[in-house]
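In what follows, a structure is listed as structure tokens, so that the remarks can point back to it.
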Amino acid sequence: MSENVVHLHKPTDPPTPDAAPTVLTVVPDAPPARPVPLWVRSGRAVKTAVTHETTKATIRAAARHSLYTFNGGRIVARRTWDGRTGARYERMIRAAEASGNLEAAEVWEERLQRFRAARHHRRMDLLHSPVEAAKGVGVGVGMGVSVLVALGVVMAINTGHVGDVITPLSATIDFIALLIRIVQIVWGPALTIGPLLALLALWSVGCKQHAAPAWALPANVRSSEGEPITPSIVVKALRDLGIAPLKNAIKEMGDAGASMLGPIRIAGCGVEVDVTLPSGVATNEVQNKRRKLAENLTRHEHEVFITIPEAARTVRLWIADSGALDEPIGPSPLVTDETMTANYKTGKAPWGQDLRGDAATISLYQRHLLVTGLSNQGKTAALRALALWLALDRSVQFWIADLKGIGDWAMFDGIAQVLIEGPSDDHVIQATEMVEDAVEEMNRRIEDRRRDPSIVFEPLIVVVDEAQLAFMCPVIGDDKRPYGGSKATSRYFMAVRKIHNQGRAVDVLMWQGTQDPTDQNLPKLVREGAHTRASLVLGTESQARMALGDKAVDGGAAPHLLRQGLDKGTLVVASDGITIPAGQASITVRTHFIDDEPAAEIADRAKALRDGVATLRVVDQGEERDALADVAAVLGDAPRLRTNEVLKRLHALDAKAYGDQWTNDRLKRLLEEHGEEPKKSHGVMVIHRDHVLRALVNRDENGSVSAAE
């Protein structure tokens, strides 16, 4: 039985050339394209012409200039009406009543009554003025004719001709006739040109006020960046904050909220204006809307500052020119003026500029100092700038502990009597002992003062940079007391507290720089003991309160709103040693940056003023160094560092022991001797802290020590 097989799939193999049939394929021509109708082409041409940028610019220009003229007329008419009537006073009365300020309403009502009385007096005078004017004209004409005739008589006597008597009078008549002819000639063109000049004047008023919709304004004016601050813009920004009582009060005001604003004043690289809030609106409600207010004013958040002055229900707005805060402020006077000197008692240190652009100077006399902020934002530079200025007073003594230890304070070698540089626990211990020695010096001075109240002591400035390392130090001494911590048994904490309590009376002052403040690394009693508290950018509002105190933050201080990395060196300062605007609890200062090289030059000038200071350093330069332990010390808590950075820190720790002979290869050999070696991270050679610690363990097990020399 045969079966027929039906293949369901078409074969894909081409037929063999012998069996393949010859196929002739005829491809028809494409049909001709249908012509585009005339109305479509016309529509496209019209759309292109209408939407062209030139057409848009022309329409905007025509609308803009037309509206400038029209709205300029409205502005002039409004000003004229306000000047001739009591409308302005009535608006102010309604605005004061809407804001709940009855005292201001009574004042404006009294002014309105005085205006009306003066206007009534002027109108009554108009009833008598025609008669008095006629009399005045008659008397004036009579006197003028008499003078001219008298002059003619004098001329006639002089010339002997009787006809000269009327010569001055006829000359005056001819002059008047000439003026009439001139007026007749000019009158026709004046009637034509006059309205054009009036329209030009109205256009000028509208142009200055930008009296046109935003879409019709020029690109540089309607741009969201750098829009000029005007009363209408400020009121609109406040109205759109989303605070219902404020929005409703502005709507009820007859002047659309203008009465809330004080004068807009130029203040440095921006403007300043006081805003009296209506009843039912609290100042902190506006403070909490800083970001939204800044965006309503077409500014970034960091370009608007809100503070609370002394006046009740008032907020003070400082609005920067767009981008002005990103411009540098220039070098420090310490760098540019080589003749500058310092006076601890009466002088003020040049620290930077405030937001108004004025020089910000600060008195350091008998004031403990605390500077804090996030890492790498300019804390050390700000603190060092004050010390460099004060070093120019030869009577001031310095004891300095730099717990970062990378050479930021190296230029004070020869100025400071004590200089500690390094991040290890040993350096923290010696910094603590330095502060304890300062306490003993303070107590000695107090005893001397008791015996002789007239005695005067040389100022002693105790500086601890990176003080958070001291508060966080876990080491416990032989007396079972911890060096760090915030308890009564903490040696560093208690030493600082004692200086804060009594040091200023005998000119022993504590300056501390710390980063990323918390209750653990900056205890409350220590931070509140500083008379001058300054903060760079911080992460949270709670940290801002730790740094500056509740009063300053509630009054508008906001270091947590500064921009990390962009606002380096910008400090918010709370201190009675710096001039702060009346009613404010803090001031924002953009500090001068003094780099290492100019700082060393300033230090050299300070050394030249002194007889020579033998600086006591932590480590004797002649002793043998434990290189591996020093590498672990300079690494600190960092998980890894570039080899170049490690070498830099080693050199700062001991320049003689770790000089030019220490290179990347020698550092590599040091670790390889104990079973470890540097590794690369992203193509850069780095040293890991864990590797160094393992190398220390390996060395201890083998019993060998690698020395720096």
Side-chain angles (χ1 to χ4, degrees), residues 344 362-373 379 382-383 386-387 390 398-401 403 428 431-443 445-446 457 459-473 481-536 538 542-555 557 559 571-578 580 585-586:
Y344 163 73
I362 184 169
S363 172
L364 304 174
Y365 177 63
Q366 292 188 344
R367 289 179 175 87
H368 302 301
L369 178 64
L370 172 65
V371 178
T372 186
K379 168 180 52 63
L383 190 64
L386 298 179
L390 199 55
F398 289 94
W399 294 3
I400 300 174
L403 298 183
V428 172
T432 303
E433 293 172 348
M434 178 190 74
V435 179
E436 291 175 337
D437 291 342
V439 173
E440 294 180 3
E441 172 67 14
M442 176 189 71
N443 293 333
R445 293 185 178 191
I446 292 174
F457 301 105
L460 172 59
I461 310 298
V462 182
V463 181
V464 179
D465 195 9
E466 305 296 341
Q468 75 278 357
L469 295 178
F471 287 111
M472 299 294 290
C473 181
R481 294 178 58 196
Y483 284 91
S486 58
K487 296 182 180 180
T489 56
S490 169
R491 294 179 60 175
Y492 181 80
F493 171 76
M494 290 306 298
V496 173
R497 287 291 299 144
K498 290 175 181 177
I499 295 177
H500 279 176
N501 290 337
Q502 295 179 291
R504 64 184 300 271
V506 289
D507 289 311
V508 176
L509 303 178
M510 191 75 205
W511 289 11
Q512 295 183 96
T514 182
Q515 62 177 258
D516 202 8
T518 64
D519 284 329
Q520 288 72 38
N521 63 28
L522 187 59
K524 180 179 180 181
L525 292 178
V526 169
R527 61 182 185 250
E528 290 184 349
H531 303 98
T532 295
R533 299 165 70 173
S535 176
L536 296 120
L538 290 172
S542 62
Q543 287 184 317
R545 294 184 181 276
M546 292 179 190
L548 301 176
D550 292 336
K551 180 181 178 182
V553 175
D554 291 339
L571 285 167
V572 182
V573 185
S575 171
D576 60 350
I578 192 170
I580 296 178
S586 65

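Residues take their numbers from the sequence shown, with the count starting at 1. Worth knowing before you read on, the calculation uses all heavy atoms, side chains too, and leaves out hydrogens, waters and symmetry mates. Remember, it's a predicted structure, so these values are computed and weren't measured experimentally.
With hydrogens and angles ignored, the 3.5 Å screen pairs no side-chain donor or acceptor of Y492 with any backbone N or O of P482. T372 places a side-chain N or O within 3.5 Å of a backbone atom of T514 that can act as its donor or acceptor partner. Although no hydrogens or angles enter the test, the distance criterion places a donor-acceptor pair under 3.5 Å between the side chain of R533 and the main chain of R527.
Distance check: I362 CD1 to T532 OG1 gives 4.5 Å after rounding to the nearest 0.5 Å. In this structure, R545 CZ and L538 CG are separated by 13.0 Å, a value rounded to the nearest 0.5 Å. Atom CG of L370 sits about 9.0 Å away from atom CG of L548, to the nearest 0.5 Å. Atoms CG and CG, on L383 and L369 in that order, are 6.0 Å from each other to the nearest 0.5 Å. Atom NE2 of H500 and atom CE of M510 lie 6.5 Å apart (nearest 0.5 Å). Taking CE from M442 and CZ from F457, the interatomic distance works out to 12.0 Å, rounded to the nearest 0.5 Å.
No side-chain heavy atom of R504 sits less than 4.5 Å from a side-chain heavy atom of Y365. Under the 4.5 Å side-chain criterion, counting only non-hydrogen atoms from C-beta, L522 is not in contact with Q468. Counting heavy atoms from C-beta on, the side chains of L525 and V496 never come closer than 4.5 Å. Annotation: side chain of R497 is in contact with side chain of V526 (closest heavy-atom distance under 4.5 Å).
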Evaluation steps, salt bridge (charged side-chain N to carboxylate O under 4.0 Å, His left out), between R445 and D507: CA-CA 9 Å; R445 293 185 178 191; D507 289 311; 5.8 Å; no

side-chain contact (heavy atoms from CB on, under 4.5 Å) between V464 and M434, intermediate numbers included: CA-CA 10 Å; V464 179; M434 178 190 74; 4.2 Å; yes

Test log, rule side-chain contact (heavy atoms from CB on, under 4.5 Å), inputs R367 and W511: CA-CA 9 Å; R367 289 179 175 87; W511 289 11; over 6 Å; no

Criterion side-chain contact (heavy atoms from CB on, under 4.5 Å) on D437 and E440, from CA distance to verdict: CA-CA 5 Å; D437 291 342; E440 294 180 3; 4.2 Å; yes

Pair V573-I580, side-chain contact (heavy atoms from CB on, under 4.5 Å): steps then yes or no: CA-CA 9 Å; V573 185; I580 296 178; over 6 Å; no

Residue pair K379, E466: steps toward the salt bridge (charged side-chain N to carboxylate O under 4.0 Å, His left out) verdict: CA-CA 9 Å; K379 168 180 52 63; E466 305 296 341; 3.0 Å; yes

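Closest approach of F493 and P523 over heavy atoms only: CE1-CB, 3.7 Å. The minimum heavy-atom distance linking L571 with A382 is given by the pair CD1-CB, 3.9 Å. Heavy-atom minimum distance, F471 versus N521: CD1-O, 3.2 Å. Between A585 and A574, the shortest heavy-atom contact is O-CB, 3.8 Å. Residues L403 and A431 approach most closely at CD2-CB, 4.1 Å, considering heavy atoms. The shortest heavy-atom contact between V428 and C473 is CG1-CB, 3.6 Å.
Between H531 and H368, the ring planes lie parallel to each other; the angle is under 30°, not in the 30° to 60° tilted range.
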